[in-house]
Amino acid sequence: MVLPAWQEDDAATAVPTIGIGPELPFCETCRSDQYLIIEEFIPPRLQPGTGLTSAEASYSCLKCGQFSGHDVPSDWEPPGWFWYA
């Protein structure tokens with residue numbers, strides 16, 4: 001029997017290492033990124049005089065309702081995301 005994603009065993013979900021600097025979007029309550037909805041994504045951008053800024057993402061978790069937002073690694077982008085020209 002195949003279970004829906006929300007019923008799968010969460011214990012098998014990898015937990016990212018929490019460190020200093022930009023981190024991947026992750027729900028600390030559910031210990032997963034499986035249920036995230038990316039609300040907003042701002043790619044890294046070049047600011048005159050200050051250089052490259054960090055990418056930013058804000059997101060909510062469908063499972064528990066937690067909302068969060070922070071800098072993300074510059075090479076990360078939401079799945080299926082592309083920049084409009």
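All heavy atoms count here, side chains included; hydrogens, waters and symmetry mates do not.
Expressed to the nearest 0.5 Å, how far CD of Q66 lies from SG of C27 amounts to 4.5 Å. In this structure, CD in E28 is found 10.5 Å from SG in C64, a value given to the nearest 0.5 Å.
With contacts defined as side-chain heavy-atom distances shorter than 4.5 Å, the pair W76/P25 qualifies.
Checked against side chain to side chain contact (heavy atoms under 4.5 Å, CB included), S58 has the following partners two or more places apart in sequence or in another chain: E39, E40, F67.
Nearest heavy atom pair, residue D71 against residue E56, reads OD1-CG, 3.5 Å. For the residue pair K63 and Y35, the shortest heavy atom distance occurs at CD-CE1, 3.5 Å.
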side-chain contact (heavy atoms from CB on, under 4.5 Å) between H70 and Y59, worked out: CA-CA 9 Å; H70 52 78; Y59 52 92; 2.8 Å; yes
Side chains of residues 46-55: which donor-acceptor partners sit under 3.5 Å, not counting sequence neighbours?
residue	atom	partner	partner atom	Å
T53	OG1	R45	N	3.4
T53	OG1	R45	O	3.2
T53	OG1	R45	NH1	3.2

